[in-house]
J.: 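Have a look at the structure that comes next, please.
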Amino acid sequence: MQQDIDRILITSRQIADRVGELAAELAGKYAPAGEEQSGELTIVAILSGSLIFLADLIRRLPMRMRIALVTVSSYPGTSTESRGARLFEQITADVAGRDVLIVDDILDTGGTLRAVRAELARRQPRSIRTCVLLRKPGKAPPDVPADFVGFDIDNYFVVGYGLDYDGLYRNLPDIAVLRPELYTSGPGGDRA
Ligand code: IMP
Ligand code: MG
C-alpha cells in the first residue's frame, strides 16, 4: 500500500491535533461551559468515508449524543469525479426538534451534503449544521456551507483516514495523494 502513495498531504499527527480543535469548537457551540444540561446532539454521519473521522471526533466530544449513519455514494468504482449523490437508504433517525450535525469526510462538489441536508430539513429539526474534515474550496458551491471544517485542500483526489479510491486505502493513517498512474478515471476526472 505504501508504495502506491505519491506524497502525504496531511499527517496522522496533524489530523489528530485538528480533530481535537474541531471537537472544542463543536463543544463550544453545542455544550457551552456553565450551561445547564444542554440538549442532545444528533450526529448524522455519511458512510463510508467519514467512518474514521467520526470515530475519532465523537470520542473527543463529551456530551450526550445519538448517532445515525447514512450511506451515500457519488463516486462509482475508479471514478474521481462525482456522478451525483445517491442515498442508499432512508434516514430513520427521529430528528424533529433536534440539533443535527451532519458529518462527512470531504466537501467536494457539494452534491452529497446537499442531498442529505435536504432530506433532513424536511423533518423539521431545530438546527442543521455540517462538519467536514476536508474541503476543496475551489469546487465547494456557496449554497452548501460547511460550518466546521478541518482542512482546506487543493483540488487533489486524496485517500486515507477513511477516504478511498475504488474502495481501497481507507485504512491509511495519513491523508495522501496516490501515484498519478494509479488513477485510471481518464480525461474528465479531477485527478491530481
Ligand atoms: P461531493 O458530493 O462532490 O461533495 O463529494 C463528497 C463525497 O465524495 C465525499 O463524501 C467522498 O466520499 C467523495 N470524495 C470527494 N472527493 C474525494 C477525494 O478526493 N477522495 C476520496 N473521496 C472523495
Ligand atoms: Mg463520502
Side-chain angles (χ1 to χ4, degrees), residues 1 4-12 14-15 18-19 22 43-57 67-89 91 100-121 128-186 188-192:
M1 189 167 68
D4 294 351
I5 293 170
D6 185 54
R7 68 202 163 86
I8 290 172
L9 271 192
I10 309 172
T11 65
S12 58
Q14 290 173 304
I15 298 168
R18 186 69 189 119
V19 169
L22 276 177
I43 291 187
V44 176
I46 302 176
L47 294 179
S48 304
S50 75
L51 89 145
I52 297 177
F53 177 42
L54 174 74
D56 284 346
L57 184 69
I67 298 159
L69 304 174
V70 54
T71 303
V72 178
S73 181
S74 49
Y75 285 67
T78 58
S79 172
T80 55
E81 198 176 24
S82 176
R83 303 284 154 86
R86 294 214 333 261
L87 266 67
F88 278 123
E89 75 257 12
I91 303 166
V100 176
L101 180 70
I102 304 172
V103 172
D104 201 4
D105 52 357
I106 186 164
L107 173 55
D108 183 20
T109 66
T112 303
L113 281 186
R114 189 186 287 118
V116 173
R117 190 182 241 284
E119 180 61 34
L120 290 167
I128 306 183
R129 293 188 183 86
T130 52
C131 175
V132 293
L133 179 67
L134 304 172
R135 176 173 62 184
K136 297 179 187 173
K139 290 171 85 180
D143 71 304
V144 190
D147 301 289
F148 302 90
V149 178
F151 301 92
D152 279 319
I153 61 168
D154 287 334
N155 194 22
Y156 298 117
F157 195 85
V158 293
V159 298
Y161 198 72
L163 292 109
D164 74 304
Y165 175 65
D166 196 19
L168 296 171
Y169 310 108
R170 292 194 200 277
N171 56 320
L172 273 176
D174 309 299
I175 291 172
V177 180
L178 294 178
R179 297 207 337 266
E181 62 269 30
L182 291 169
Y183 295 111
T184 58
S185 67
D190 62 348
R191 55 163 102 179

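Remember, it's 1-based here, ligands and their atoms both numbered in the order they're listed. Throughout, numbering of the chain's residues begins at 1 and tracks the sequence.
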J.: Taking Tyr161 as the fixed residue, which of Asp56, Asn171, Asp105, Asp174 is the one that meets the side-chain hydrogen bond (donor to acceptor under 3.5 Å, both in side chains) rule?
T.: Asp56
J.: At a 4.0 Å threshold, what atoms of ligand 1 neighbour a non-hydrogen atom of Lys136?
T.: 16 (N), 17 (C), 18 (C), 19 (O)
J.: Quick one: which of Thr109, Asp166, Val177 has a heavy atom closest to atom 1 (P) of ligand 1?
T.: Thr109
J.: Measuring from Phe151:CZ to Ile10:CD1, what's the distance to the nearest 0.5 Å?
T.: 4.5 Å
J.: Donor-acceptor pair, distance only, cut-off 3.5 Å: does the side chain of Tyr183 make one with the backbone of Phe157?
T.: yes
J.: Can you tell which of Val158, Asp6, Val159 makes a side-chain contact (heavy atoms from CB on, under 4.5 Å) with Leu178?
T.: Val159
J.: Compare every heavy atom of Cys131 with every heavy atom of Leu101, then report the nearest pair and how far apart it is.
T.: CD1-CB, 4.0 Å
J.: Numbering the atoms of ligand 1 from 1, which are under 4.0 Å from a heavy atom of Gly110?
T.: 1 (P), 3 (O), 4 (O)
J.: Can you sort out which atoms of ligand 1 are near Thr112, meaning under 4.0 Å from one of its heavy atoms?
T.: 1 (P), 2 (O), 5 (O), 6 (C), 7 (C)
J.: To the nearest 0.5 Å, tell me how far Leu22 CG sits from Leu133 CG.
T.: 7.5 Å
J.: Please verify whether a non-hydrogen atom of Leu113 lies at under 4.0 Å from ligand 1.
T.: no
J.: Just which atoms of ligand 1 are under 4.0 Å from any heavy atom in Tyr156?
T.: 19 (O)
J.: Heavy atoms only, cut-off 4.0 Å: how does Ile106 contact ligand 1, side chain, backbone, both, or neither?
T.: both
J.: May I ask you to decide if Thr78's main-chain N or O and Tyr165's side chain share a donor-acceptor pair within less than 3.5 Å?
T.: yes
J.: Answer yes or no for Ile46: is there a heavy-atom contact with ligand 1 below 4.0 Å?
T.: no
J.: Report yes or no: does a heavy atom of Gly49 sit under 4.0 Å from some atom of ligand 1?
T.: no
J.: Could you list the atoms of ligand 1 found under 4.0 angstrom from a heavy atom of Gly111?
T.: 1 (P), 2 (O), 4 (O)
J.: Just let me know how Asp104 lines up against ligand 1, side chain, backbone, both or neither, with a heavy-atom cut-off below 4.0 Å.
T.: side chain
J.: Do any N/O atoms on Val158 end up under 3.5 angstrom from N/O atoms on ligand 1?
T.: yes
J.: To the nearest 0.5 Å, how far apart are CG in Asp104 and CZ in Arg135?
T.: 13.5 Å
J.: Closest approach of Arg170 and Leu51, non-hydrogen atoms and distance?
T.: CD-CD2, 4.3 Å
J.: Does Tyr165 come within less than 4.0 angstrom of ligand 1, counting non-hydrogen atoms of the residue?
T.: no
J.: With a cut-off of 4.0 Å, which atoms of ligand 1 are near a heavy atom of Asp164?
T.: 21 (C)
J.: To the nearest 0.5 Å, what is the distance between CG on Leu172 and CG on Asp164?
T.: 11.0 Å
J.: My understanding is that we take every heavy atom of each candidate and find the minimum distance to atom 9 (C) of ligand 1. Doing that for Asp105, Val72, Ile153, which one comes out nearest?
T.: Asp105
